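A quick note: this is a predicted structure, and the numbers were derived from the prediction, not measured. These numbers come from the heavy atoms of this one structure, side chains and all, not from hydrogens, waters or symmetry mates. Numbering starts at 1 and runs along the sequence shown.
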Amino acid sequence: MTVADSPARPAESADGPRPILDGTRALSQQIGVYVFVMVPLIALVAAIPLAVGWGLIGWADVAIALVFYVVSGLGITVGYHRYFTHGSFKAKRPLRIALALAGSLAMQGPVITWVADHRRHHAFSDKEGDPHSPWLYGTGPVALAKGFWHSHTGWLFDRDQTNRERFTPDLLADADIRRVDSLFGLWSVLTLVVPAGLGGLFTWSWQGALTALFWAGLVRVALLHHVTWSINSICHMWGARPFAARDRSANVWPLAIASFGESWHNLHHADPTCARHGVKRGQVDISARVIRAFEKLGWASAVRWPTERRLQRITRAS
Ligand SMILES: [Zn+2]
Ligand SMILES: [Zn+2]
């Protein structure tokens, strides 16, 4: 049964909560995950010799890569994460669909699957049942290395699927979102082909199309992959913990700009529905600025901005 034809049902049934897992991935899906993870990664490894050794990078490649990094990155942070997973604001229908599409360009999985995994992460953060905690193997050096790999990339290859009917009944009930979700393969092709087309047009050459496919398609996807995955790995291992979260989430400032504010991860776990993660002075949070702009334009409403009282309540006593 595909998501598109699975009926939306409440998360709770007469027999209690639904199980957290829902079968295993089909072989074709499993191969897809390997392709989506490994191909951009191989491009990333090849990127440095190509750029430095042969100079095969132009301004058009950099410009297109930047635009696609920002659009797909904000699609993940503002869309998949703060809006769809945590409901930190309400969005009008065109914005809702645009956010689901933008996030789909990041090659991080269909929107409903991503949200189901992430809601499960919050439900069991750093305990048994968390899909990507670095702390499941112990605290010795070998266990931590294993935990780092698992939380950063390894968990993606786990064939157990998060039960979408338990974690995302709201999204399964939304016909627009089910449609965007079911067309994930198409968005993954477009996120490579459109940059290539633009590169070809800007430089009016086949080589321009190829270098844009490489830099603005594959390398850009790989960079965003690893920034997003660092929130699951690094931001649950090292960093500052000024807020009272019930897990090992931490604030990691060097990742703030590249992650559009997501690396203020300790605040996020202490107050998951808050629309702003970088709540302190000087904590840059580009996603929060974008949400503010949507609010001013009248596209977003009921934004859950942090309040002084709430921040005081979640600040760890020192
Ligand atoms: Zn987390
Ligand atoms: Zn979250």
Side-chain angles (χ1 to χ4, degrees), residues 1-4 6 20-41 43-44 68-69 71-86 96-124 130-133 150-172 174 176-192 217-218 220-233 259-260 262:
M1 186 166 69
T2 64
V3 177
S6 66
I20 64 168
L21 298 176
D22 179 26
T24 53
R25 269 186 209 134
L27 182 63
S28 56
Q29 286 174 313
Q30 184 68 359
I31 293 169
V33 173
Y34 274 96
V35 171
F36 287 142
V37 172
M38 297 313 291
V39 174
L41 184 61
L44 188 62
F68 273 80
Y69 185 91
V71 170
S72 57
L74 289 172
I76 291 293
T77 64
V78 174
Y80 273 29
H81 191 209
R82 301 191 197 189
Y83 176 65
F84 286 109
T85 303
H86 296 295
R96 185 177 171 79
I97 296 171
L99 287 173
L101 283 174
S104 302
L105 297 178
M107 268 197 188
Q108 294 186 12
V111 53
I112 302 179
T113 304
W114 197 104
V115 170
D117 283 334
H118 192 67
R119 285 184 182 165
R120 191 174 132 211
H121 166 60
H122 278 268
F124 298 96
D130 182 341
H132 48 63
S133 173
H150 170 75
S151 61
H152 194 75
T153 311
W155 74 277
L156 292 160
F157 305 119
D158 187 344
R159 286 182 75 164
D160 289 336
Q161 300 188 100
T162 301
N163 188 344
R164 315 215 291 186
E165 292 189 3
R166 168 165 169 163
F167 289 99
T168 50
D170 53 330
L171 300 185
L172 290 170
D174 185 321
D176 293 331
I177 301 308
R178 277 210 318 268
R179 193 153 174 73
V180 174
D181 181 274
S182 63
L183 292 174
F184 178 66
L186 174 64
W187 314 133
S188 299
V189 171
L190 289 180
T191 203
L192 301 177
L218 294 169
R220 177 262 312 176
V221 164
L223 283 175
L224 186 63
H225 271 170
H226 288 278
V227 168
T228 304
W229 298 340
S230 297
I231 308 299
N232 300 336
S233 56
S259 72
F260 302 118
E262 297 283 284

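Looking at every heavy atom in both residues, L99 comes nearest to G79 through CB-CA, 3.8 Å. Minimum heavy-atom separation, I76 to A106: CG1-CB, 3.6 Å. Closest approach of I20 to R120, counting heavy atoms only: CD1-NE, 4.1 Å. The shortest heavy-atom contact between A222 and P40 is CB-O, 3.3 Å.
For the pair Q161/Q29, a side-chain contact is recorded, criterion being any heavy-atom separation below 4.5 Å from C-beta on. Contact of the T85 side chain with the V115 side chain is registered, since non-hydrogen atoms from C-beta on lie closer than 4.5 Å. Between F84 and I112 there is no side-chain heavy-atom pair separated by less than 4.5 Å. Within the 4.5 Å cutoff, the side chain of R220 has heavy atoms near those of the S72 side chain. For the pair Q108/T228, a side-chain contact is recorded, criterion being any heavy-atom separation below 4.5 Å from C-beta on. Looking at F260 and V78, their side chains never come closer than 4.5 Å, going by heavy atoms from C-beta outward.
Evaluation of the side-chain contact (heavy atoms from CB on, under 4.5 Å) rule for V33 yields R25, V37, L156, F157 as partners, not counting sequence neighbours. With sequence neighbours excluded, no residue forms a salt bridge (Lys or Arg N to Asp or Glu O under 4.0 Å) with D22. Qualifying side-chain contact (heavy atoms from CB on, under 4.5 Å) partners for F36, counting only residues two or more places apart in sequence or in other chains: M107, F184, S188. Residues passing the side chain to side chain donor-acceptor pair (under 3.5 Å) test with S259: none are found, sequence neighbours excluded. In this structure L190 satisfies the side-chain contact (heavy atoms from CB on, under 4.5 Å) test together with L186, W187, V194, sequence neighbours excluded. Partners of L223 by side-chain contact (heavy atoms from CB on, under 4.5 Å), not counting sequence neighbours, listed by chain and number: L44, Y69, V219.
One side chain, H81 or E262, offers a donor N or O that lies under 3.5 Å from an acceptor on the other. Using modelled atom types and a 3.5 Å distance limit, the side chains of T162 and R119 yield no donor-acceptor pair.
Distance check: D181 CG to R178 CZ gives 9.5 Å after rounding to the nearest 0.5 Å. Of the inter-residue distances, the one linking I177 atom CD1 with I97 atom CD1 reads 6.5 Å to the nearest 0.5 angstrom. From L101, atom CG reaches atom CG of L105 across 7.0 Å, with rounding to the nearest 0.5 Å. Here CD of Q30 is found 5.5 Å from OH of Y34. Values are rounded to the nearest 0.5 Å.
Counting non-hydrogen atoms of other residues, nucleotides and ligands closer than 6.0 Å to CZ of R179 gives a total of 12 or fewer.
Aromatic ring centres of H152 and H132: separated by at least 6.0 Å.
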Checking N232 against W155 for the side chain to side chain contact (heavy atoms under 4.5 Å, CB included) test, could you report, in this order, the C-alpha distance in whole Å, the side-chain angles of both residues, the deciding distance, and whether it holds?
CA-CA 10 Å; N232 300 336; W155 74 277; 4.1 Å; yes
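A donor-acceptor contact shorter than 3.5 Å is absent between the side chain of H118 and the backbone of Y80. Panel note: side chain S230, backbone H226; a donor-acceptor pair is recorded below 3.5 Å. Panel note: side chain D160, backbone T24; no donor-acceptor pair is recorded below 3.5 Å.
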